[in-house]
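These notes concern the structure reproduced below.
These numbers come from a predicted model, not from an experiment. Within every chain, numbering begins at 1; the chains are lettered A, B, ... in the order of the sequence lines, protein sequences first and strands thereafter.
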2 protein chains.
Amino acid sequence: MKITAQEEYGLRCIIQLAKQKDGEPLMVRDIADREGLSIAYVEKILWTLSRSGIIESVRGPKGGYRLTRPCSEIFIGEVMRALGGIPSSEEICGQFTGNHETCVHHGACDLEPVWASITDFVNSVFDRIPLSQLLQGKLEVKMVQLTPKSQANLVG
Amino acid sequence: MKITAQEEYGLRCIIQLAKQKDGEPLMVRDIADREGLSIAYVEKILWTLSRSGIIESVRGPKGGYRLTRPCSEIFIGEVMRALGGIPSSEEICGQFTGNHETCVHHGACDLEPVWASITDFVNSVFDRIPLSQLLQGKLEVKMVQLTPKSQANLVG
DNA sequence: CATGTACCTGACTGTTTTGTCAGGTACATG
DNA sequence: CATGTACCTGACAAAACAGTCAGGTACATG
């Protein structure tokens, strides 16, 4: 179970945008400096995020990137999914080329419920944390609660 | 956030061993057949698992691999960690080469608490599920409860 | 004690992910 | 309307991961 580089760096970049006052665009060069990444790489990551509509670009002098919404209305889950994100249990099972007869056709997959519970939970946590919360020192989420689906799987 | 092939296939292989009656060793060839994987690949995965002491090999004719303990005493978390596993938040932060001055020295990392909460939870779920539970049709865990550490991070 | 079975292990290849490069396009300003 | 700034984008290079291959070692059996 791995956090990808896109996710880590993508979140860091968008946090830099969230720290910006007003709607002032922030230059790629500044983000790259602050996070210790190359300009080219930051450009690539921001381009990915802008395709999903979470951020937008301002061209020309004094240009840069900025959030399309206030940072209190942008949740980490949305950002993670834009960056490649958390696969669903169906995607995990479909991704691996093993014995599909047992798993898919006979409905005898032992692992699907495990992946379903984990990915469901991760999504539910990420969808509760707005960017604004990351800017404060302390991370807070009102309540940790599983979705009905993962409860059915996990809680006996 | 990705499940690696090692994790998926490693779990599948060890589930096959758990299904075996008594302490009978199961041949690599049989596991490979049942899961639709190559023999060479299954050998590699099982070798990894045997290094961690979860399974052991029996050489010669009628040999194979078997669990070192009853399947009710082997938890998924242990298996996942042997397969490369869930990194800690420290490992995630150390893995990426960005701006360490901000993150490490100034203690101003915005993401560490997020990774800590997620990895903590994933570990706590995996450490509650013994292999024996995967063999039954329904996955059940007594209670979903966060560790004190991740509660402090997530619950305001 | 020879033989066959089946595990053991390092080296190798192919594919995906990560990160770089180079040249192009759009906009603000004077 | 020329110029410089800064985003845009596809193609490429390098590193990590997935999966294969080949030859070796240990054990049970007759």
Side-chain angles (χ1 to χ4, degrees), chain A residues 1-13 16-17 20 24-33 35-52 55-68 83-85 87 91-92 95-99, chain B residues 1-13 16-17 20 24-33 35-68 83-85 87 91-92 95-99:
Chain A
M1 204 148 206
K2 279 183 55 184
I3 303 290
T4 66
Q6 289 244 346
E7 288 167 331
E8 172 82 17
Y9 295 140
L11 273 178
R12 288 187 181 284
C13 289
Q16 288 299 337
L17 297 185
Q20 198 70 355
E24 286 292 297
L26 183 58
M27 281 195 301
V28 171
R29 172 209 296 262
D30 289 336
I31 299 173
D33 282 352
E35 292 297 343
L37 302 171
S38 76
I39 291 176
Y41 193 23
V42 172
E43 275 183 334
K44 190 179 194 172
I45 292 169
L46 293 184
W47 182 79
T48 301
L49 286 171
S50 69
R51 289 201 91 188
S52 71
I55 66 177
E56 66 186 359
S57 65
V58 178
R59 299 178 80 145
K62 297 199 176 178
Y65 282 90
R66 65 183 167 206
L67 304 179
T68 54
L83 292 165
E91 286 167 333
I92 294 173
Q95 169 187 2
F96 297 107
T97 56
N99 187 347
Chain B
M1 202 148 208
K2 281 183 53 182
I3 304 291
T4 65
Q6 290 244 346
E7 290 168 330
E8 172 81 18
Y9 295 139
L11 274 178
R12 289 186 179 284
C13 290
Q16 290 297 338
L17 298 186
Q20 198 71 355
E24 288 291 299
L26 183 58
M27 283 196 297
V28 171
R29 174 208 294 264
D30 289 337
I31 299 173
D33 282 352
E35 292 298 342
L37 302 171
S38 76
I39 291 176
Y41 193 24
V42 172
E43 276 184 334
K44 190 178 196 173
I45 290 169
L46 293 183
W47 182 79
T48 301
L49 286 171
S50 69
R51 290 201 91 190
S52 71
I54 299 174
I55 66 176
E56 66 186 0
S57 65
V58 179
R59 298 178 80 143
K62 298 197 177 178
Y65 282 91
R66 66 183 167 208
L67 304 180
T68 54
L83 293 166
E91 286 168 331
I92 294 173
Q95 170 187 0
F96 298 107
T97 56
N99 186 348

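Place A:Gly60 and A:Ile3 on DNA chain C by their nearest nucleotides, and A:Ile3 ends up nearer the 5' end. Closest-nucleotide positions on DNA chain D for A:Gly63 and A:Trp47 were compared, and the one nearer the 5' end corresponds to A:Gly63.
Minimum atom distance to the side chain of B:Arg59 is reached by C:dC7, of the listed C:dT9, C:dC21, C:dC7. Checked against C:dT5, C:dT20, D:dC21, the side chain of B:Ala40 finds its nearest nucleotide in D:dC21. Of the candidate nucleotides C:dT17, D:dC7, C:dC27, C:dT17 has the atom lying nearest to any side-chain atom of B:Lys2. Relative to the side chain of A:Tyr41, the nucleotides D:dC7, C:dT20, D:dG19 differ in distance, and C:dT20 lies closest. Out of C:dT18, D:dG19, D:dC7, the shortest distance to the side chain of B:Lys44 is found at D:dG19.
For D:dA6, neither phosphate oxygen OP1 nor OP2 lies less than 4.0 angstrom from any side-chain nitrogen or oxygen of A:Ser57. Within the 4.0 Å cut-off from OP1 or OP2 of C:dT20, at least one side-chain nitrogen or oxygen of A:Ser38 is found.
Across the strands present, C:dT29 finds its partner in D:dA2; the criterion is a Watson-Crick or G-U wobble pair with both atom distances under 3.5 angstrom. Judged by Watson-Crick or G-U wobble contacts below 3.5 Å, the nucleotide C:dG24 has D:dC7 as its partner. Here D:dA18 sits opposite C:dT13 as a Watson-Crick or G-U wobble pair (both hydrogen-bonding atom distances under 3.5 Å).
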Side chain to side chain contact (heavy atoms under 4.5 Å, CB included) evaluation trace for B:Ile39 with B:Ile31: CA-CA 8 Å; B:Ile39 291 176; B:Ile31 299 173; over 6 Å; no
The test is side chain to side chain contact (heavy atoms under 4.5 Å, CB included); show your working for B:Glu35 and B:Gln16 and say whether it passes. CA-CA 9 Å; B:Glu35 292 298 342; B:Gln16 290 297 338; 2.9 Å; yes
Side chain to side chain contact (heavy atoms under 4.5 Å, CB included) between B:Trp47 and B:Glu43, worked out: CA-CA 6 Å; B:Trp47 182 79; B:Glu43 276 184 334; over 6 Å; no
List the steps and the verdict of side chain to side chain contact (heavy atoms under 4.5 Å, CB included) for B:Met27 and B:Asp30. CA-CA 5 Å; B:Met27 283 196 297; B:Asp30 289 337; 3.7 Å; yes
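Nucleic acid contact for A:Gln6: sugar-phosphate only, since backbone atoms but no base atoms lie under 4.0 Å from a heavy atom of the residue. Residue B:Ser50 is out of contact with every strand shown, counting any heavy-atom pair closer than 4.0 Å.
Taking each heavy atom of B:Tyr65 and B:Ile55 in turn, the nearest pair found is CD2-CD1, 3.6 Å.
Note: CD (B:Glu43) to C1' (D:dC21) measures 11 Å, nearest angstrom. If you measure from atom OH of A:Tyr9 to atom C1' of C:dT20, you get 14 Å, rounded to the nearest angstrom. The distance from atom CG of A:Leu46 to atom P of D:dC7 is 8 Å, rounded to the nearest whole Å. Straight-line distance from the CE atom of A:Met27 to the C1' atom of D:dG4: 13 Å, rounded to whole Å. In this entry the distance linking CD1 of B:Ile45 with P of D:dG19 reads 8 Å, nearest Å. Put simply, CD1 on B:Ile39 is 16 Å from C1' on C:dT9, counting in whole angstrom units. In this structure, the CZ atom of A:Arg29 is 9 Å from the P atom of D:dC7, given to the nearest Å. Rounding to whole angstrom units, CD of residue B:Glu7 and C1' of D:dC17 are separated by 13 Å.
Salt-bridge annotation for A:Glu24 and A:Arg66: absent, with no side-chain N of the basic residue lying under 4.0 Å from a carboxylate O of the acidic one.
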